[in-house]
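This report concerns only the one structure given below.
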Amino acid sequence: MPVDPSWDFRRHDLVRVAPVAWAAMLAERRDLGGVPHVAEWAEAGRPLIVRRFGPGEDRDRVPLGLPLPPADGKRRISLAFLAGDFAPYATPTLQDARTAAPASWCATIDLLIAVGVRYGIVPRPFGGLLWQAATGLAYLSDASDLDILWRLTTSTLPTGLLDGLARIADTAPMRLDGEILLPDGAGIHWRELLETPEGGEVLGKHIDRLEMRPVAALRARTRA
């Protein structure tokens, strides 16, 4: 069944659920009683993230996720709400989230921001840095990765973007991960794009499907 055309949400979008809708959900989800942070999540103005549909999920509702901090079990809670139950949440940019990062990460973050400026892309965090910046709760540890989203305005990669990320990753104090987000909503792991031969294919993740994308088409040169 196709996604309900009355709303347009994509993986990694952030939303804020209305407290009334949150309370109604909690009344039905007895399994969430006593789970740390959940009861006050909406009242505190904390966001949820749009995730992929699970098998058999109702396509009239938007699939959302709430990852708990590692100290509280690192549980990923799957939820779903009607589009009228929430509003968009302004996603922090990497620049916005810099103050929530460990001091040892800042030099790497500055290099990534500079790459964004060069290619006209505003990098966004996801994973632990996003949640720490958006909630004020502790999500990062010495073993955390730095996950970054690179949202393109064209369906082809700027020349040099992947190589630039790889060079930064080689000297970064953390593992550097993330996705290239294409205009049609497909998210592709940047390392997979870098490492797959020109004649190969890579996995693209949409909110409602998975698909293989030819690398050659994605690497068409658009910027010198």
Side-chain angles (χ1 to χ4, degrees), residues 3-4 7-19 21-22 25-26 29 31-32 35-55 57-98 100-101 121-141 144-152 176-190 203-210:
V3 175
D4 184 339
W7 50 263
D8 181 22
F9 300 97
R10 297 182 177 186
R11 291 175 57 247
H12 301 300
D13 285 351
L14 296 184
V15 301
R16 180 179 290 163
V17 174
W22 192 257
M25 178 277 295
L26 289 177
R29 290 287 302 269
D31 60 305
L32 297 180
V35 176
H37 311 295
V38 171
E40 70 272 16
W41 197 266
E43 286 285 357
R46 295 170 181 154
L48 301 180
I49 193 164
V50 177
R51 58 177 175 82
R52 290 182 56 233
F53 280 107
E57 281 196 283
D58 182 358
R59 298 301 176 94
D60 290 328
R61 292 176 176 267
V62 182
L64 303 174
L66 189 169
L68 291 177
D72 297 305
K74 206 174 182 179
R75 177 180 173 184
R76 296 178 181 270
I77 299 172
S78 295
L79 303 165
F81 287 87
L82 295 172
D85 290 336
F86 56 80
Y89 181 96
T91 304
T93 66
L94 184 57
Q95 180 69 63
D96 296 333
R98 187 181 184 278
I121 304 170
V122 179
R124 288 172 37 194
F126 70 108
L129 179 57
L130 166 66
W131 292 104
Q132 188 152 303
T135 68
L137 301 174
Y139 281 84
L140 295 174
S141 70
S144 295
D145 296 345
L146 176 55
D147 300 299
I148 306 296
L149 301 175
W150 302 88
R151 188 182 297 274
L152 303 186
L176 184 61
D177 266 325
E179 290 185 9
I180 304 294
L181 298 181
L182 301 179
D184 65 359
I188 301 172
H189 197 288
W190 73 263
L203 180 66
K205 297 180 180 180
H206 291 262
I207 188 175
D208 60 340
R209 67 191 185 279
L210 301 174

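- Although no hydrogens or angles enter the test, the distance criterion places no donor-acceptor pair under 3.5 Å between the side chain of R10 and the main chain of V50.
- Between D13 and P88, the closest side-chain pair of non-hydrogen atoms is not below 4.5 Å.
- A distance of 6.5 Å separates CG of L146 from CG of L94, quoted to the nearest 0.5 Å.
- The backbone N or O of P47 sits less than 3.5 Å from a side-chain atom of W41, completing a donor-acceptor pair.
- Checking side-chain atoms of R51 against main-chain N and O of L64 turns up a donor-acceptor pair under 3.5 Å.
- A pairwise comparison of heavy atoms in V62 and F86 identifies CG2-CZ, 3.6 Å as the closest pair.
- Smallest separation of non-hydrogen atoms from T91 and D96: O-OD2, 4.5 Å.
- Judged by distance alone, with hydrogens and angles left aside, the side-chain atoms of R11 form no donor-acceptor pair with the main-chain N or O of R52 at under 3.5 Å.
- Looking at R46, its side chain never comes within 3.5 Å of a backbone N or O of W131 through a donor-acceptor pair.
- Side-chain N or O atoms of D145 include none that pairs as donor or acceptor with a backbone N or O of D147 at under 3.5 Å.
- The nearest pair of heavy atoms linking L181 to H12 is CD2-CD2, 4.0 Å.
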**Study point:** Derivation and outcome, side-chain contact (heavy atoms from CB on, under 4.5 Å), residues L32 and L79
**Key:** CA-CA 11 Å; L32 297 180; L79 303 165; 4.1 Å; yes

Point to revise | From CA spacing to verdict: side-chain contact (heavy atoms from CB on, under 4.5 Å), L130, L14 | key: CA-CA 10 Å; L130 166 66; L14 296 184; 3.9 Å; yes

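- Under the 4.5 Å side-chain criterion, counting only non-hydrogen atoms from C-beta, D177 is in contact with H189.
- Counted within 6.0 Å of CZ on R29, heavy atoms from surrounding residues, nucleotides or ligands total more than 12; the atom is thus considered enclosed.
- To the nearest 0.5 Å, atoms OG (S141) and NZ (K74) are separated by 7.0 Å.
- Side chain of D72 to backbone of P69: no donor-acceptor contact under 3.5 angstrom is found.
- Between F81 and W22, the two ring planes are parallel [angle under 30°; tilted spans 30° to 60°].
- Here the side chain of E57 pairs a donor or acceptor atom with the backbone of G54 at under 3.5 angstrom.
- In this structure, L152 CG and I180 CD1 are separated by 5.5 Å, a value rounded to the nearest 0.5 Å.
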